[in-house]
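All figures in this text were calculated on a predicted structure; none of them were measured in a lab. Counting starts at 1 for both ligands and their atoms, following the listed order.
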Amino acid sequence: MKINQVSDSVHVVAGTNVNWALVGSGSGVTLVDAGYPGDTDDVLKSVREVGHTLDEVSAVLVTHAHLDHIGAIPTLVEKIGMPVYTGGAEVPHARREYLQQITPKEMLRQLTTARGRRWVAQTLMAVRGHMNIKIPFVLSADDVVLPAGLTPIPTPGHTTGHTAYLLPDEGVLFTGDALVTGHPLSCRSGPQILPAVFNHDEAQTLDSAKLLENQPARTIVPGHGPSIQVDQESA
Ligand SMILES: [Zn+2]
């Protein structure tokens with residue numbers, strides 16, 4: 001786990017090939033995403049390392065309900081009982097009324113390259129038998145005032161209900177998997193969409209990435225890859 005402060009109130013944590021973020025507001029702290037199941041201990045530890053106790057976690061915001069973004073939520077809810085929000089369109093996915101996720105067959109196809117084999121091994125370790133996590137108690141982020149003024153931005157494509165979040169006061173954009181800056185299966189770094197095998201609807205994914213590039217952001221915090229500062233003049 002690596003923790004990096006990217007603005008006054010935002011710390012970004014790099015876990016197992018995935019990021020989550022901690023947004024401070026007043027005495028509370030809000031998590032944006034929650035790592036793989038195997039990252040659970042680190043998610044709890046990261047709250048303490050940025051100076052908060054567990055009972056100061058006021059909410060968890062979920063960009064989308066893939067296993068690498070919701071892993072610590074069952075433990076967090078058990079220990080803290082804070083509310084969990086995601087975009088209204090992602091709610092049925094988080095409740096597992098349907099599943100839009102890379103299939104075991106598609107994962108097997110990744111074994112043909114060294115890069116893919118490494119990623120599959122790391123992913124299986126990080127999931128550790130928790131394939132069936134769901135969030136039946138999830139709430140819609142669309143009609144509530146979220147902590148720290150965080151604003152949901154519907155960004156469909158990677159999943160139908162994928163939701164980014166903007167922290168307007170500090171210009172921090174949490175893009176989740178709608179716009180990333182790297183991934184173990186990608187050969188390049190910098191702003192990009194994920195490899196097509198991960199996206200439910202490729203055309204929508206491209207449209208959402210464009211929408212995010214036009215947000216008033218100074219810092220982009222992606223679900224995968226390092227955070228980047230945006231050059232406002234060229235944006
Ligand atoms: Zn992801």
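Among the atoms of H69, an N, O or S atom falls under 2.8 Å of the Zn ion (ligand 1).
Aromatic ring orientation, F198 versus W119: perpendicular (interplanar angle above 60°, classes split at 30° and 60°). Classification of the H69-H64 ring pair by plane angle, with boundaries at 30° and 60°, yields tilted. Below 30°, between 30° and 60°, or above 60°: for H158 and H66 the angle between ring planes is above 60°, a perpendicular geometry.
With the Zn ion (ligand 1) at the apex, H224 NE2 and D177 OD2 define an angle of roughly 100° (rounded to 10 degrees).
Counting only N and O atoms by type, the side chains of S186 and Q192 include a donor and acceptor under 3.5 Å apart.
The Zn ion (ligand 1) sits nearest to atom OD2 when only the N, O or S atoms of D68 are considered.
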